[in-house]
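Everything on this sheet refers to the single structure shown next.
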Amino acid sequence: MRAVILISGNGSNLQSLIDDAKRIDLEICLVISNNRNAFGLKRAERANIKTLFVNPNLFKSRKDFDNKLITIIDKLDVGLIVLAGYMRILSSDFINHFMGKILNIHPSLLPKFPGLNTHKRALTAEEKYHGASVHFVTEELDGGPVISQEIVEVDSQDTEYSLAQKVLEREHILYPRVIHWYTQNRIELTNNDCIKLDGKII
Ligand code: GRF
């Protein structure tokens, strides 16, 4: 399945998808970044994948920026849009245009800790368990239906950094797994708030 990947930073999740692309039937047509210096762009170039930096400063609104992305992505005829550390909130136009085709990975056990600084917040809340979630993107920020999660135990010695590393390790297993389900047409978003796996609502 053809896909576009949106990134803003390091791109370790992107790397896990590049490394697993064949096995999970994923053809990464383009990696788009809103950040010129995102290391993920280098990772894509190294793998001979096309990259594009779209400069947010050249657009007068989020809507305009996202409309530009819609135009670019529409031309590529992709079945999937993967958010992999993409740090911009998407406009309703974008989300509705591609509804059911956008996946995001979030570093917490949603619905716990949507938004930023999830590891710090999990430590402050003295959570015993933490982890990552992959969900369909809907208009509610980090609020779309969760498809699958990976759980890690929080140790008393964990710092924000160590916890982030543990969670990232699981993310690199979780995202390819869910994307493989998607490329095999095993999962679908129905009514914007329900997930079907192998035809059954989960
Ligand atoms: C990950 O923790 C992901 O869950 C979140 O942003 C981070 C991106 O990391 N959405 P990377 O750029 O893939 O290394």
Side-chain angles (χ1 to χ4, degrees), residues 3-21 24 26 28 30-47 49 51-54 56 66 69 80-91 94-95 98 101-125 127 129-154 158-182:
V4 164
I5 303 192
L6 269 53
I7 60 161
S8 299
N10 181 30
S12 68
N13 277 288
L14 165 67
Q15 188 68 56
S16 73
L17 297 175
I18 291 173
D19 294 343
D20 239 356
I24 64 174
L26 188 72
I28 306 169
L30 179 65
V31 171
I32 300 177
S33 174
N34 63 318
N35 168 13
R36 190 197 304 272
N37 300 315
F39 184 63
L41 290 174
K42 296 229 161 50
R43 295 179 188 269
E45 282 158 19
R46 261 194 333 228
I49 295 168
T51 60
L52 183 67
F53 159 60
V54 185
D66 279 7
L69 294 193
L80 174 63
I81 295 158
V82 177
L83 309 184
Y86 184 63
M87 299 305 286
R88 269 178 78 89
I89 293 173
L90 292 165
S91 64
F94 187 95
I95 292 169
F98 295 114
K101 288 186 172 183
I102 317 170
L103 297 180
N104 183 40
I105 189 158
H106 182 79
S108 80
L109 296 174
L110 290 171
K112 282 189 178 169
F113 312 121
L116 298 174
N117 302 318
T118 58
H119 309 304
K120 195 177 182 176
R121 286 156 67 205
L123 287 173
T124 307
E127 295 287 333
Y129 300 99
H130 186 48
S133 310
V134 173
H135 64 95
F136 277 109
V137 173
T138 59
E139 286 207 56
E140 190 189 339
L141 182 66
D142 299 326
V146 171
I147 303 165
S148 187
Q149 298 180 312
E150 281 284 323
I151 298 176
V152 302
E153 265 184 59
V154 182
D158 264 324
T159 61
E160 201 181 330
Y161 179 78
S162 68
L163 197 52
Q165 292 312 304
K166 279 206 281 196
V167 171
L168 259 185
E169 237 174 69
R170 307 309 299 176
E171 289 185 31
H172 300 156
I173 295 165
L174 174 64
Y175 223 0
R177 178 172 83 220
V178 174
I179 288 175
H180 196 197
W181 291 345
Y182 188 93

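All ligand and atom numbering here is 1-based and tracks the order in the structure. Worth saying up front: this structure is predicted, and the values here are computed from it rather than measured.
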Ligand 1 contact by G40, heavy-atom criterion under 4.0 angstrom: no
Side chain to side chain, V82 and L6, heavy atoms closer than 4.5 Å: no
Considering only the protein, which heavy-atom contact is closest to [atom], and what is its distance?
atom                    : value
atom 7 (C) of ligand 1  : G85 CA, 4.2 Å
atom 12 (O) of ligand 1 : G11 N, 2.8 Å
atom 11 (P) of ligand 1 : S12 N, 3.4 Å
atom 3 (C) of ligand 1  : E171 OE1, 3.2 Å

Carboxylate-amine/guanidinium contact K166 E153, below 4.0 Å: no
R177/E150 ion pair, N-O < 4.0 Å: yes
Give a yes-or-no answer on whether the side chains of [X] and [Y] include a donor-acceptor pair shorter than 3.5 Å.
X    : Y    : result
N34  : S8   : yes
H130 : H119 : yes
H106 : T118 : no

Polar contact flag for M87 and ligand 1 (N/O pairs, less than 3.5 Å): no
Short N or O distance, I105 and ligand 1, threshold 3.5 Å exclusive: yes
Numbered atoms of ligand 1 (with element) below 4.0 Å of P107, judged on heavy atoms: 2 (O), 4 (O), 5 (C)
Proximal atoms of ligand 1 relative to N10 (non-hydrogen, under 4.0 Å): 12 (O), 14 (O)
Option whose closest heavy atom lies nearest to atom 9 (O) of ligand 1, chosen from N13, L83, V134: N13
D20 side chain to P176 backbone, donor-acceptor under 3.5 Å: no
